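A short write-up of the structure that comes next.
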Amino acid sequence: SQFVTGLSSSTTYFYCAIAQNSEGTAFGTVQTFTTLAAPTVTTQAATNVTGSSATLNGQGTPIGSAATGWFRHSTLNPVTCNDTFGTRTPVSGGTSLGAGTSAVNFIANVTGLSSGTTYYFCAIASNAVGTGVGTVQTFSTPGAPTVTTVAPSGVSSSVATLNGSADPRGSDTTGYFRFS
């Protein structure tokens with residue numbers, strides 16, 4: 001056996017055993033191996049967004065070494081994903097992604113969010129080789145509608161048309177008037 005150093009991560013290498021004596025040289029069959037790497041990570045769109053909660057979605061590929069996935073979120077834009085901004089979800093640990101070579105979906109439900117607010121988040125995964133990060137994504141929690149009352153029209157001695165407008169801010173909204 002031969003211990004080899006200086007290999008590049010996530011690289012496939014080919015090798016064969018060779019033996020030589022005074023009678024000649026013999027070659028073994030060619031074998032391959034791929035070195036391990038930090039997980040690859042994709043941040044996917046948030047779902048189930050309400051005024052106070054959301055489901056964060058990510059996907060991580062362990063690259064052959066047991067990996068764990070989690071998220072970071074904040075109201076401040078970190079520009080690029082890193083494991084220091086905002087709030088970590090969950091606070092410790094994360095979702096086991098296994099040790100395979102296929103992408104694994106993972107989620108985290110976050111609560112206690114403020115309505116009418118834009119949040120920035122990203123997916124992160126780590127294995128024994130290193131940490132991989134996804135891109136920063138955003139979502140906005142719906143807020144209370146904004147309403148504008150406009151001057152009435154068609155006013156006569158016995159009728160009037162009341163006018164207004166509303167921005168629903170991401171939630172199903174019903175508009176109506178009160179008068180006395």
Side-chain angles (χ1 to χ4, degrees), residues 5-13 33-149 164-176 178:
T5 62
L7 302 176
S8 298
S9 67
S10 192
T11 302
T12 299
Y13 289 92
F33 68 93
T34 301
T35 53
L36 302 177
T40 58
V41 181
T42 302
T43 306
Q44 299 173 325
T47 55
N48 304 320
V49 178
T50 70
S52 63
S53 66
T55 300
L56 306 181
N57 298 286
Q59 188 176 72
T61 304
I63 316 283
S65 180
T68 302
W70 66 93
F71 297 88
R72 286 281 188 170
H73 70 278
S74 175
T75 57
L76 300 174
N77 185 353
V79 182
T80 58
C81 183
N82 62 71
D83 197 22
T84 60
F85 86 94
T87 302
R88 187 183 194 280
T89 302
V91 173
S92 64
T95 302
S96 172
L97 306 179
T101 57
S102 298
V104 177
N105 293 325
F106 62 103
I107 67 166
N109 295 310
V110 292
T111 59
L113 304 177
S114 299
S115 67
T117 304
T118 298
Y119 286 88
Y120 301 87
F121 74 101
C122 68
I124 301 173
S126 180
N127 64 15
V129 179
T131 300
V133 297
T135 58
V136 175
Q137 302 282 332
T138 64
F139 67 90
S140 295
T141 54
T146 56
V147 179
T148 303
T149 304
S165 66
D167 176 353
R169 297 185 66 196
S171 290
D172 289 338
T173 301
T174 302
Y176 55 93
R178 286 190 176 234

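Owing to the predicted nature of the structure, the values given are computational and were not obtained by experimental measurement.
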**Asked** Any idea which heavy atoms bring Val49 and Thr141 closest together, and the distance?
**Response** CG1-CA, 4.0 Å
**Request:** Would you name the heavy atoms of Trp70 and Thr89 that are closest together and state the gap between them?
**Result:** CB-O, 3.5 Å
**Request:** Verify, without hydrogens or angle tests, whether Asn57 (side chain) and Ala45 (backbone) share a donor-acceptor contact under 3.5 angstrom.
**Result:** yes
**Prompt:** Going through the distances and angles, do Thr40 and Ile63 end up as a side-chain contact (heavy atoms from CB on, under 4.5 Å)?
**Reply:** CA-CA 8 Å; Thr40 58; Ile63 316 283; 4.1 Å; yes
**Item:** Euclidean distance, Thr118 OG1 relative to Asn77 CG, rounded to 0.5 Å
**Value:** 10.5 Å
**Item:** Where Ala46 and Leu56 come nearest, the two heavy atoms and their spacing
**Value:** CB-CD2, 4.3 Å
**Thr95 OG1 to Ile107 CD1 distance, which is reported to the nearest 0.5 Å** = 7.5 Å
**Distance in Å, Ile124 CD1 paired with Asn82 CG, rounded so as to fall on 0.5 Å steps** = 7.0 Å
**Request:** Report the residues that fulfil side-chain contact (heavy atoms from CB on, under 4.5 Å) with Thr50, sequence neighbours left out, ordered by chain and then residue number.
**Result:** Ser52, Ser53
**Message:** For Tyr119 and Phe139, take the angle between the two ring planes, folded into 0 to 90°, and tell me which bin it lands in: parallel under 30, tilted 30 to 60, perpendicular over 60.
**Reply:** parallel
**Message:** Main chain of Ser126, side chain of Thr131: is a donor-acceptor contact present, judged purely on distance under 3.5 Å?
**Reply:** no
**Asked** Taking the side chain from Thr61 and the backbone from Pro39, do they hold a donor-acceptor pair closer than 3.5 Å?
**Response** no
**Request:** For Asp167, enumerate each residue passing the salt bridge (Lys or Arg N to Asp or Glu O under 4.0 Å) test, keeping only those at least two apart in sequence or located in another chain.
**Result:** none
**Asked** Does anything in residues 33-108 pair up under disulfide (SG to SG under 2.5 Å), and if so which pairs, sequence neighbours excluded?
**Response** Cys81-Cys122
**Message:** Would the distance check show the side chain of Arg88 and the main-chain N or O of Gly93 forming a donor-acceptor pair, the cut-off being under 3.5 Å?
**Reply:** yes
**Item:** For Asn127 against Pro62, the heavy-atom pair lying closest together
**Value:** ND2-O, 2.9 Å
**Complete:** Residue pairs passing the disulfide (SG to SG under 2.5 Å) test with at least one member in residues 47-76, sequence neighbours excluded, are none
**Request:** Of all the heavy-atom pairs spanning Pro90 and Gly94, show the shortest one and how long it is.
**Result:** CG-CA, 3.7 Å
**Fill in**
Taken in chain and number order and not counting sequence neighbours, the residues that satisfy side-chain contact (heavy atoms from CB on, under 4.5 Å) with Gln59 are Thr42, Gln44, Ala103, Asn105
**Request:** Could you pull out all residues at least two apart from Thr80 that satisfy side-chain contact (heavy atoms from CB on, under 4.5 Å)?
**Result:** none
**Smallest separation among heavy atoms of Thr35 and Tyr13, with atom names** = CG2-CE1, 3.9 Å
**Message:** Between Val41 and Val133, is there a side-chain heavy-atom distance shorter than 4.5 Å?
**Reply:** no
**Request:** Assign the ring pair Phe106 / Phe71 to parallel, tilted or perpendicular, where the plane angle (0 to 90°) is split at 30° and 60°.
**Result:** tilted
